[in-house]
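Data first, discussion second: the structure below is written as structure tokens.
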Amino acid sequence: MLAKKDKVLYLAVITLALLLGLSYIKACSSSDKRESIKSSLVNAKYQSSINQIDLYNTNGLLSLKKISNKAFSFWVLADKDGSYLSPADSQKVENMILELTKVRNIYKLSDKININSSFGLTDSSAFHIKYYYSEGFHDLTFGNQDFSLSGRYLMTDKNTNVYEINSDLDSYLSTSLQSWSEPFIISQQVLGKLSVNDIQSCKTLYQNKTSKIDDIQKLLDLRKGGIPSQNITLAPEKLDFQIWLEIGNKSQIEMQIYKTDDESQFIIKTIYINSDKSKTEYNSYISLWTYNKIKEITL
């Protein structure tokens, strides 16, 4: 009886092994019927001339605009009215441009798109990256992920073809201000990258008493929260704390911290003054924790 059961078991194992081998041979012998193209989504020759990128879907629009001066350039966030909201995470923007100009495998799926298709290129789930460069602009439309969740459907504004690419660009398909904003309360971009050695002096004013911040690095490391509406009014009577920084290249930074109705957060207005006296200012939220950290390092 035992020997008979063993024979049955051995036969079952052999059968399964044969089936597995046949399925493997079939999978290897079957070819991908999709038309494969080696190309980039954006021509690399336009990389340095891209000066604006609009990210949008039915949930909103976020513009990334490049600010350039004689010494350096950086990216800022702008709303639909063109108002500058905050320094952007310029490294993230440049990484996205690199991904757009990278040569990759692009698979052509169809010559045209049907309105009710499962590609998600014509409905509310579609996401757009519109980039502006020296010769004009182009718009890329990203649709749904494929069934394996490893690829995403794509269309360009050049034709009606439907393509599929890998998921490398998925992390950039967002209009969240928080995900694109530079994180630090003192920008490392507006006046260039700053270190402790660049700060010549730092003084504060709190409750009519002047003091200074001795550990500048801790101040440079602090991060901000969200971005308030551009229409917000900062009442003078809400001004609670002020900081002035003198930079070695004769530029300055003034920080004004305002109380809000929410005791757990404050608004910080940061004013960047260039050596030629031109000014740029941005508002952001900071938490009560960050506010207390600023007070802790004030001597």
Side-chain angles (χ1 to χ4, degrees), residues 48-53 62-79 81-94 97 132 134 177 180-206 210-234 236 239-258 266-286 290 294 297-298:
S48 61
S49 67
I50 294 176
N51 52 55
Q52 179 176 333
I53 301 172
L62 178 65
S63 287
L64 300 162
K65 296 187 177 182
K66 195 173 188 178
I67 304 295
S68 299
N69 56 38
K70 294 180 180 179
F72 55 89
S73 62
F74 64 98
W75 290 84
V76 297
L77 302 176
D79 62 12
D81 298 321
S83 300
Y84 294 162
L85 301 175
S86 171
D89 184 341
S90 291
Q91 187 59 60
K92 182 175 181 178
V93 180
E94 294 297 336
I97 294 174
Y132 300 76
S134 55
L177 287 171
W180 285 101
S181 178
E182 183 186 17
F184 303 106
I185 64 171
I186 296 178
S187 173
Q188 291 289 309
Q189 301 174 143
V190 178
L191 296 178
K193 189 169 180 60
L194 299 174
S195 67
V196 173
N197 294 332
D198 297 315
I199 312 300
Q200 300 299 302
S201 66
C202 178
K203 65 177 182 179
T204 68
L205 178 63
Y206 177 65
T210 59
S211 186
K212 65 177 183 177
I213 293 177
D214 186 52
D215 195 337
I216 303 297
Q217 187 60 56
K218 286 186 177 180
L219 181 65
L220 294 175
D221 290 339
L222 291 176
R223 296 176 174 247
K224 61 189 178 186
I227 301 172
S229 167
Q230 287 295 95
N231 300 322
I232 195 167
T233 300
L234 300 177
L239 180 59
D240 182 67
F241 201 105
Q242 290 176 273
I243 303 171
W244 291 270
L245 299 172
E246 296 280 348
I247 315 299
N249 60 5
K250 296 184 179 180
S251 57
Q252 304 171 20
I253 300 174
E254 180 180 351
M255 307 170 75
Q256 303 171 356
I257 301 176
Y258 292 81
F266 298 76
I267 292 177
I268 181 168
K269 173 187 281 189
T270 307
I271 305 168
Y272 300 92
I273 306 170
N274 294 290
S275 55
D276 62 1
K277 303 304 179 184
S278 59
K279 297 182 179 180
T280 308
E281 62 181 57
Y282 302 101
N283 297 333
S284 58
Y285 286 115
I286 59 171
T290 301
I294 294 174
I297 58 177
T298 300

Q.
Just to verify, what does Glu281 make a salt bridge (charged side-chain N to carboxylate O under 4.0 Å, His left out) with, not counting sequence neighbours?
A. Lys269
How close do [X] and [Y] get, counting heavy atoms only, and between which atoms?
{"X": "Thr204", "Y": "Trp244", "answer": "C-CZ3, 4.2 Å"}
{"X": "Ile50", "Y": "Trp75", "answer": "O-CH2, 3.7 Å"}
{"X": "Leu77", "Y": "Trp180", "answer": "CD2-CB, 3.7 Å"}
{"X": "Ser73", "Y": "Lys66", "answer": "OG-CE, 3.5 Å"}

To the nearest 0.5 Å, how far apart are [atom1] in [X] and [atom2] in [Y]?
{"X": "Asp240", "Y": "Ile257", "atom1": "CG", "atom2": "CD1", "value": "7.5 Å"}
{"X": "Met255", "Y": "Cys202", "atom1": "CE", "atom2": "SG", "value": "8.5 Å"}
{"X": "Glu246", "Y": "Ile199", "atom1": "CD", "atom2": "CD1", "value": "10.0 Å"}
{"X": "Ile227", "Y": "Leu85", "atom1": "CD1", "atom2": "CG", "value": "6.0 Å"}

Taking [X] for its side chain and [Y] for its backbone only, find out whether a donor-acceptor pair lies under 3.5 Å.
{"X": "Tyr272", "Y": "Ser187", "result": "yes"}
{"X": "Gln189", "Y": "Ser90", "result": "yes"}
{"X": "Asn249", "Y": "Ser251", "result": "yes"}

Q. Between Asp198 and Leu191, is a side chain to side chain contact (heavy atoms under 4.5 Å, CB included) present by the stated rule, with each step listed?
A. CA-CA 11 Å; Asp198 297 315; Leu191 296 178; over 6 Å; no
Q: Determine, step by step, whether Thr210 and Lys203 satisfy the side chain to side chain contact (heavy atoms under 4.5 Å, CB included) criterion, reporting the C-alpha distance in whole Å, the side-chain angles of both residues, the deciding distance to 0.1 Å, and the verdict.
A: CA-CA 7 Å; Thr210 59; Lys203 65 177 182 179; 6.0 Å; no
Q | Test side chain to side chain contact (heavy atoms under 4.5 Å, CB included) applied to Val76 and Leu64, step by step | A | CA-CA 6 Å; Val76 297; Leu64 300 162; over 6 Å; no
Q: Tell me, with the steps shown, if Thr298 and Tyr206 meet side chain to side chain contact (heavy atoms under 4.5 Å, CB included).
A: CA-CA 10 Å; Thr298 300; Tyr206 177 65; over 6 Å; no
**Q.** Short side-chain donor-acceptor distance under 3.5 Å, Glu254 and Gln252
**A.** no
Under 3.5 Å, side-chain donor or acceptor atoms of residues 214-226 against the rest of the protein: list the pairs with distances, not counting sequence neighbours.
from: Asp215; atom 1: OD1; to: Gln217; atom 2: N; distance (Å): 3.4
from: Asp215; atom 1: OD1; to: Lys218; atom 2: N; distance (Å): 3.4
from: Gln217; atom 1: NE2; to: Asp221; atom 2: OD1; distance (Å): 2.9
from: Lys224; atom 1: NZ; to: Ser86; atom 2: OG; distance (Å): 2.9
from: Lys224; atom 1: NZ; to: Ser181; atom 2: OG; distance (Å): 3.3
from: Lys224; atom 1: NZ; to: Glu182; atom 2: O; distance (Å): 3.1

Q: Quickly, which of Ile243, Ile268, Thr270, Ile271 forms a side chain to side chain contact (heavy atoms under 4.5 Å, CB included) with Gln256? Name it, please.
A: Ile271
Q: Please step through side chain to side chain donor-acceptor pair (under 3.5 Å) for the pair Asn197 and Ser195, ending with a clear verdict.
A: CA-CA 5 Å; Asn197 294 332; Ser195 67; 4.7 Å; no
